Amino acid sequence: MAVLFKKPQQEQLASFFNKDILNAAQFRLEDIETIMNTAGHYEQLLIDKKVIKDMEGKVMAALFFEPSTRTRLSFETAMLRLGGAVITVAESETNQISSTAKGETIQDAISVIDGYADVIVIRNPVTGTADRAAQAALHPVINGGDGSGQHPTQGLLDIYTIMKAKGRVEGLTIALVGDLKYGRTVHSLVDFFALYGCDLILASPEALKMPPEIVRNLRAGGINVKEIDSLKEAVADADVLYVTRVQKERFPIVAEYDQVKDLFIVDQDLLREAKEGMIILHPLPRVNEIALEVDSYPGALYFQQAHNGLFVRMAILALVTGSVL
Amino acid sequence: MAVLFKKPQQEQLASFFNKDILNAAQFRLEDIETIMNTAGHYEQLLIDKKVIKDMEGKVMAALFFEPSTRTRLSFETAMLRLGGAVITVAESETNQISSTAKGETIQDAISVIDGYADVIVIRNPVTGTADRAAQAALHPVINGGDGSGQHPTQGLLDIYTIMKAKGRVEGLTIALVGDLKYGRTVHSLVDFFALYGCDLILASPEALKMPPEIVRNLRAGGINVKEIDSLKEAVADADVLYVTRVQKERFPIVAEYDQVKDLFIVDQDLLREAKEGMIILHPLPRVNEIALEVDSYPGALYFQQAHNGLFVRMAILALVTGSVL
Amino acid sequence: MAVLFKKPQQEQLASFFNKDILNAAQFRLEDIETIMNTAGHYEQLLIDKKVIKDMEGKVMAALFFEPSTRTRLSFETAMLRLGGAVITVAESETNQISSTAKGETIQDAISVIDGYADVIVIRNPVTGTADRAAQAALHPVINGGDGSGQHPTQGLLDIYTIMKAKGRVEGLTIALVGDLKYGRTVHSLVDFFALYGCDLILASPEALKMPPEIVRNLRAGGINVKEIDSLKEAVADADVLYVTRVQKERFPIVAEYDQVKDLFIVDQDLLREAKEGMIILHPLPRVNEIALEVDSYPGALYFQQAHNGLFVRMAILALVTGSVL
């Protein structure tokens with residue numbers, strides 16, 4: 001850790017103060033470096049069993065208007081590990097915040113919560129909600145996932161995991177496999193990989209291909225993109241195998257889902273073809289797209305990846321509130 | 001702030017120790033002064049970025065048996081900003097606390113929670129629940145709103161907002177407009193204004209007039225009350241325009257709601273008639289009874305008013321638990 | 001307190017480090033003694049109004065996949081009173097954790113949460129879930145009740161309450177009355193009483209008798225067990241009257257419930273027959289099996305018993321995480 005990540009400089013830290021974290025496209029390479037270094041700094045403090053008080057006396061509002069237990073708990077833990085406190089709204093899609101159910105706009109609701117909290121994390125099924133919240137709030141707003149749109153902290157924790165495992169991101173070959181059409185994670189993630197000039201392999205069944213405009217944009221930016229429909233071929237060349245879940249709820253027709261769900265399963269057999277040192281990532285939850293037997297594979301880092309979300313979210317919370325000591 | 005609010009004296013603080021906060025009628029003017037001064041003290045500490053530990057090691061139970069995200073988050077934030085901790089029950093009306101669903105009385109449930117917490121905040125759709133809870137608990141109970149009954153901390157934050165904006169409450173002309181029949185806020189609020197001897201203008205459609213017994217009581221107490229059905233006339237004379245939402249859910253017949261909901265809308269046109277320095281308050285959430293264009297009006301203080309709830313609730317929590325340092 | 005409980009020795013404390021708390025059968029007498037002494041230590045610190053920081057910087061995950069407000073709040077308060085922080089999932093049986101609703105295994109969900117928290121408390125309607133969680137987690141797991149299975153912290157707080165009231169558990173006559181067939185509490189509890197060699201009176205209506213294999217096991221272990229169907233006879237001989245609720249939801253047929261629910265009611269009349277110093281316990285919530293008039297009986301300790309759960313859970317949380325200072 002100590003070698004890989006350096007404590008960020010004061011001016012880098014200052015550039016984040018009071019910034020909203022809304023989408024992957026907002027980051028330059030040096031911004032990501034600052035987040036990675038800050039995350040590494042906090043991971044080291046936790047490894048050293050330090051009690052951190054960087055955010056003592058501060059309050060984070062976790063507004064989850066769509067069930068996402070994992071992301072909510074990750075952000076809450078991050079804030080608590082920084083010595084801060086948390087207020088939470090965890091409603092189902094139909095229930096909403098009680099005041100907006102009464103006809104209030106999201107802007108009004110945010111203006112009120114902005115008076116309570118120092119930083120707001122919002123997740124909402126409606127694309128663009130985080131942007132509207134950021135316009136209403138004086139305090140920084142972090143997008144915890146909105147609709148089929150952006151989920152920037154997921155991409156950042158993926159980058160952090162790759163850096164820790166491979167020592168770098170530049171020059172790696174990244175294979176994204178599974179549902180590349182409906183999975184929001186990968187749409188946001190390719191922006192990060194493009195920034196690092198990675199070679200991309202996009203492996204999916206025909207029905208679940210990456211949207212063509214995203215592929216066009218990547219190629220226009222000089223990224224080497226290979227589109228294939230074979231999982232085996234992806235494994236042979238990849239440094240990073242990024243597996244995504246075929247999400248039943250994204251399919252308009254159930255039969256279409258049943259047709260493709262078993263085509264892209266990672267098991268030990270498949271891994272015999274893998275390059276030395278290949279790592280396997282997955283945003284979780286997984287259903288059956290990675291066999292349980294793979295969990296003991298040395299490069300199976302998906303649980304560590306989820307754990308890394310904690311350090312990255314600590315970094316982001318502390319950075320945007322100017323709390324890194 | 002320093003000029004307006006003085007740090008309260010020890011004996012005033014002591015008079016609150018272990019008191020329940022159940023209704024507006026329980027307060028004398030000097031009690032309100034103590035709460036206002038304590039709220040001002042905490043607001044100043046937060047402005048000065050102090051980390052407050054007055055309630056370190058103490059626990060507040062937030063029992064919200066009716067959805068009210070805003071009030072719940074306000075109380076929770078207040079406790080957390082005081083350095084205390086929070087346990088929360090936020091159930092829907094139909095779900096209730098799991099044990100009372102099994103047939104337990106509210107008194108038994110409170111007796112158990114009283115063993116965990118140092119102070120209990122309760123919101124319940126059934127009028128009188130806070131009183132019953134207060135009888136069962138050894139620790140102080142704060143009414144966070146019950147049925148069509150009382151919501152005393154709302155009234156106190158309204159007073160605090162007026163004091164901060166106008167420097168005083170005595171002698172002001174207060175116009176209460178909108179739904180004065182079903183809105184619980186205003187029934188509780190007039191008790192506070194009566195205590196200060198304010199002149200009251202009650203402006204509402206005929207179907208939503210203030211209950212006659214309340215008006216009779218006010219007049220019997222020597223309060224000057226004018227009942228009108230014109231929003232324009234209210235604005236011409238008021239120092240404080242207190243707008244309330246026409247709450248759809250309070251109407252037995254939807255058609256009745258549709259008939260009146262647009263009659264009392266505050267917009268820029270109307271504000272041309274306003275007295276210099278008039279302030280606009282609203283307990284929020286608003287739907288369309290205040291036009292968005294009004295948000296930039298200098299006297300539009302409704303979001304600041306919600307924010308003030310934090311300082312007032314900090315004051316109340318610290319006072320009843322004897323925690324003001 | 002000081003006389004009854006001594007501060008536990010370092011080697012006793014060490015024996016608990018990183019242990020899961022899954023069932024009553026796992027404890028030897030000296031383990032229980034360590035928990036009791038640690039609970040007594042924390043109760044004394046709270047009586048002395050100490051701010052405890054033994055778990056500062058640590059995080060507890062409360063995973064309640066079945067509504068149990070009381071147990072959840074007790075664990076949460078315990079962690080907060082130790083200076084620790086809490087993340088919570090409180091879902092209804094049908095809602096579940098959002099990720100398992102998408103098809104994720106409980107093991108995967110626990111592996112992720114294990115990366116956030118230092119200790120996991122789990123309650124789940126499915127018997128054996130706590131064991132599966134313990135296998136998946138590197139951090140200690142505490143069973144907060146699973147199905148018709150185990151609820152070990154309930155039994156431990158019962159023992160603590162008896163020790164405080166009677167000075168000892170050995171040699172006492174314990175009457176367990178009410179629903180001994182469906183009530184999970186008593187099945188777990190008899191293991192503790194057997195360890196202390198107590199005499200047991202099992203008083204229930206015929207339809208709600210203790211399962212015969214449990215009675216056989218107790219007798220095989222040398223425990224004196226008397227099975228009766230009269231509440232009056234139980235009261236005459238008991239040092240501890242442990243009343244359980246006839247839980248409607250455990251009966252397949254409602255008529256069967258209606259037939260027996262009023263047969264075993266403890267009231268003042270009945271208590272005239274009681275031995276001097278008899279104490280009455282109840283795991284709560286009660287419905288009508290103990291008359292309200294009994295609440296003022298000197299031996300009516302059921303609310304104190306619930307309160308004691310706080311100290312026992314503080315002890316367990318601090319012990320398994322190696323946090324007792």
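Just so we're clear, the structure is a prediction, and the values are computed from it rather than from any experiment. Naming: A, B, ... by sequence-line order, numbering from 1 per chain. Note: hydrogens, waters and symmetry copies are ignored here, and every other heavy atom, side chains too, is used.
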> Step through the shown structure and confirm whether more than 12 heavy atoms of other residues, nucleotides or ligands are within 6.0 Å of CD on B:Gln9.
no
> Is it the side chain or the backbone of B:Ala117 that comes within 4.5 Å of chain C heavy atoms, both, or neither?
backbone
> Pick from C:Leu46, C:Val51, C:Leu310: which one has the most heavy-atom pairs with chain B under 4.5 Å?
C:Val51
> Minimum heavy-atom separation for C:Leu284 and B:Val112, please, with both atom names.
CD1-CG2, 3.5 Å
> Salt bridge or not for B:Glu104 and C:Arg70, using N-O below 4.0 Å?
yes
> What closest approach, in Å, do B:Tyr116 and C:Thr77 show between heavy atoms, and which atom pair accounts for it?
O-CG2, 3.3 Å
> Taking side chain as everything from C-beta outward and backbone as N, CA, C, O, which of these in C:Lys49 sits under 4.5 Å from a heavy atom of chain B? Side chain, backbone, both or neither.
neither
> Can you tell me how far the CG atom of B:Asp108 sits from the CG atom of C:Asp295, to the nearest 0.5 Å?
6.5 Å
> Out of the candidates C:Leu73, C:Val86, C:Thr88, only one should pair with B:Ile87 under the side-chain contact (heavy atoms from CB on, under 4.5 Å) rule; please name it.
C:Leu73
> Is any side-chain heavy atom of B:Val89 less than 4.5 Å from a side-chain heavy atom of C:Arg72?
yes
> For C:Ile52, is it the side chain, the backbone, both or neither that has a heavy atom under 4.5 Å from a heavy atom of chain B?
neither
